[in-house]
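Here the structure is laid out as C-alpha cells; the discussion comes afterwards.
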2 protein chains.
Amino acid sequence: MNSTSDEIKDDYNFISEALIDIYDQIMRIEESEIRKSRFKDITAKELHLIHTIGLHDRKTTSEVSRVLKLSKGTLTANLNNLEKKGYIIRMINQQDRRIINLGLTSKGRLLYRANYAFHRQLVESCLKGFDGSDIRKMRQALVNVEKFIDEVSSK
Amino acid sequence: MNSTSDEIKDDYNFISEALIDIYDQIMRIEESEIRKSRFKDITAKELHLIHTIGLHDRKTTSEVSRVLKLSKGTLTANLNNLEKKGYIIRMINQQDRRIINLGLTSKGRLLYRANYAFHRQLVESCLKGFDGSDIRKMRQALVNVEKFIDEVSSK
DNA sequence: CAAAATAGTTTGAATTTCAAACTATTTTAG
DNA sequence: CTAAAATAGTTTGAAATTCAAACTATTTTG
C-alpha cells in the first residue's frame, strides 16, 4: 500500500492523541473492573505495586522502591496498607536480617492473576485480526519507544 | 511470514508487560523533560490538564472535570495553581455568567506546543522504519483498544 | 571491635484529593 | 412575573499520599 506524506502526518497526529487518552482510560477501567470483583479495596496504584512485587520474585523493599521510583517511606506506607488488607506479606531475610523480602498472599496472587488476565484481554483485543508479522511490528514499535525513552533519559 | 501459536503467545506476553512499564516511564520522562526547559514548575498532572484545556476550545470547568474525571473541587484547586503560575486564564462567559471558560495564556500555549512536540517525537521514534500500511495497522490497534475500553465500560 | 554503610521504619510537613456545603446565576413552573 | 429548582463553580474540612530527614537495627569494613 502507498501513502502520501500528508496521510502519514495525519496518522501520526491520530496516534499521538489516541495514546494520551487511552492510557488514562486504561488506568481507570483497570481499577473499576477490579473494584467490581471481590477486590473492592484496591486502587490502580496498589494494583501496580502488586504487579511489581510479582508472583515468585521475593523482591526487597529497596528493589521495588527503585523500580517504581517511590521513596522508601512512601513504599513502607503502601506496603502497610496492602499488608493490613491481606494482599502481601513481609518476610525477614535470614541471611541478612536488615532485608525484607516481599511476597503475595494467596489473595494477592489471585488479584495478580485477575489483573494479568485483564491485561491479556486488552492486548488480545488490540491485536485482533493481526498476523504474526503484524504482531512482530507491534513489538518493534514498543522496543522503539523503550529505546527512545532510554535515549532521552540518558542524554 | 508464518508463526507458531507459541511464538505469538510469547509476543502477547512481551507486549502486555512492555505496555505496563512504558506508560509509567513516559509519564516520568515527560515531566522531567519539561522541567529541564523554562517550565520548571509544572508536574505531569498539570501537563495533562493543560493538554486537555487545549489551544482554542474555551472549555468550561465542568467539561474539563468530566473529561479528566476529577471532582469540581479538585479541578478548581488545580486551576488556581495554574492560574497563579501564569499558564491559564479564566474567562467569565457573558451569555451565562455562571460559566467559566478556560484558556491558555501565551506561556501556557508555549508549554502546550512543547509537550505536543515531545509526543510527536515519541510517536515518530516509535514508528521509525514503518511504512504507510504498518502505520495504518498501528492506528487500527489503537481503535481496537478504544473499542475494548468502550465495551468494558458500558457492560 | 569500632566506624561506616545499608535496609527499612517513623515522623512531620506539604500536596492532592474528595464530598458536601455554599454562592451566584439562570431556567422552569405555577 | 416571580418563587423554586437547577446549574456552574468555589470553599471548606477531612482523609490520603507523598517526600525527605531522622531514626533503629543489622551487617560490612578497616
Side-chain angles (χ1 to χ4, degrees), chain A residues 24 27-28 30-32 34-35 39-53 57-85 87-104, chain B residues 24 27-28 30-32 34-35 39-53 57-85 87-104:
Chain A
D24 222 44
M27 295 292 285
R28 214 145 30 218
E30 199 174 10
E31 177 174 303
S32 77
I34 282 295
R35 280 168 167 282
F39 308 109
K40 299 193 194 315
D41 54 358
I42 289 293
T43 65
K45 273 174 193 168
E46 289 174 323
L47 220 37
H48 195 37
L49 174 49
I50 282 170
H51 180 86
T52 303
I53 290 173
D57 304 344
R58 306 206 154 215
K59 295 200 179 80
T60 67
T61 299
S62 296
E63 281 174 320
V64 172
S65 79
R66 198 172 336 110
V67 171
L68 296 182
K69 260 110 180 167
L70 293 174
S71 73
K72 294 189 300 173
T74 299
L75 188 57
T76 293
N78 291 176
L79 292 173
N80 289 343
N81 290 339
L82 284 178
E83 197 177 39
K84 239 177 290 164
K85 293 192 248 182
Y87 291 94
I88 65 136
I89 41 168
R90 290 171 156 111
M91 294 165 289
I92 295 173
N93 184 311
Q94 290 307 328
Q95 274 71 57
D96 181 342
R97 298 201 344 276
R98 290 169 303 184
I99 294 177
I100 303 280
N101 289 111
L102 299 171
L104 300 181
Chain B
D24 225 43
M27 294 294 284
R28 218 151 20 225
E30 200 174 9
E31 178 174 302
S32 77
I34 281 297
R35 279 167 168 284
F39 308 108
K40 301 194 194 314
D41 55 357
I42 287 293
T43 66
K45 273 174 192 169
E46 288 174 324
L47 218 39
H48 196 37
L49 174 48
I50 282 170
H51 181 86
T52 303
I53 291 173
D57 303 343
R58 308 208 152 211
K59 295 199 179 80
T60 67
T61 298
S62 296
E63 280 172 321
V64 172
S65 79
R66 200 174 333 110
V67 170
L68 296 182
K69 261 109 180 167
L70 293 174
S71 74
K72 294 189 299 173
T74 299
L75 188 58
T76 294
N78 292 177
L79 291 173
N80 289 342
N81 291 339
L82 283 178
E83 197 177 38
K84 240 177 288 165
K85 294 192 248 181
Y87 291 94
I88 66 135
I89 41 168
R90 289 170 155 112
M91 294 165 285
I92 296 174
N93 183 311
Q94 290 308 327
Q95 273 71 56
D96 180 343
R97 300 204 338 280
R98 290 170 303 184
I99 294 176
I100 303 280
N101 290 110
L102 299 171
L104 300 181

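Labels below follow one simple rule: chain letters A, B, ... track the order of the sequence lines, proteins then strands, and each chain is numbered from 1.
For the pair A/R58 CZ and C/dG8 P, the computed distance is 14 Å after rounding to whole Å. As rounded to whole Å, 11 Å separates atom P of C/dT25 from atom CD1 of B/I100. The distance between atom CG of A/L79 and atom P of C/dG8, rounded to the nearest whole Å, is 10 Å. At whole-Å resolution of the value, CZ in A/R98 and C1' in C/dA7 are 6 Å apart. Spacing between atom CD of B/E63 and atom P of D/dA8 amounts to 10 Å, rounded to whole angstrom units. The distance from atom NZ of B/K85 to atom C1' of C/dT15 is 11 Å, rounded to the nearest whole Å. For B/M91 and D/dA8, the CE to C1' distance is 16 Å, given to the nearest whole Å. Rounded to a whole Å, the CD atom of A/E83 is 12 Å from the C1' atom of C/dT9.
Note on A/S62: a side-chain N or O is less than 4.0 Å away from OP1 or OP2 of C/dG8. Side-chain N/O atoms of A/R97 include one lying less than 4.0 angstrom from OP1 or OP2 on D/dT27. Here B/R90 does not reach the OP1 or OP2 of D/dG9: none of its side-chain N or O atoms lies under 4.0 Å away.
Scanning both residues, B/L68 and A/R28, for their nearest heavy atoms gives O-NH1, 3.4 Å.
Of the listed nucleotides (D/dG9, C/dT10, C/dA24), D/dG9 has the atom at the smallest distance from the side chain of B/K72. In this structure, the nucleotide among C/dT10, D/dA25, D/dG9 sitting nearest to the side chain of B/I99 is D/dG9.
Contact of the A/L47 side chain with the A/F39 side chain is not registered, since no non-hydrogen atoms from C-beta on lie closer than 4.5 Å. Within the 4.5 Å cutoff, no side-chain heavy atoms of B/D57 are placed close to those of B/E63. For the pair A/E31/A/T43, a side-chain contact is recorded, criterion being any heavy-atom separation below 4.5 Å from C-beta on. Using a 4.5 Å heavy-atom cutoff, the side chains of A/N78 and A/K45 are not in contact.
Both distances falling under 3.5 Å, in either a Watson-Crick or a G-U wobble arrangement, place D/dT2 opposite C/dA29. Base pairing of C/dC22 is made with D/dG9, judged by Watson-Crick or G-U wobble geometry with both donor-acceptor distances under 3.5 Å.
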Any protein N or O atoms within reach of nucleotides 16-19 of chain C? Criterion: under 3.5 Å, listing atom names and distances.
| from | atom 1 | to | atom 2 | distance (Å) |
| --- | --- | --- | --- | --- |
| C/dT17 | OP1 | B/K45 | NZ | 3.1 |
| C/dT17 | OP2 | B/N78 | ND2 | 3.3 |
| C/dC18 | OP2 | B/S71 | N | 3.2 |
| C/dC18 | OP2 | B/S71 | OG | 3.3 |
| C/dC18 | OP2 | B/T74 | OG1 | 2.5 |

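Within the 4.0 angstrom heavy-atom criterion, base atoms lie near B/T76. A/T60 comes within 4.0 angstrom of the backbone, heavy atoms only, and of no base.
Atom CZ of B/R90 sits in a crowded spot, with more than 12 heavy atoms from other residues, nucleotides or ligands closer than 6.0 Å. Counting heavy-atom neighbours within 6.0 Å of B/R35 CZ, excluding the residue itself, gives a total above 12.
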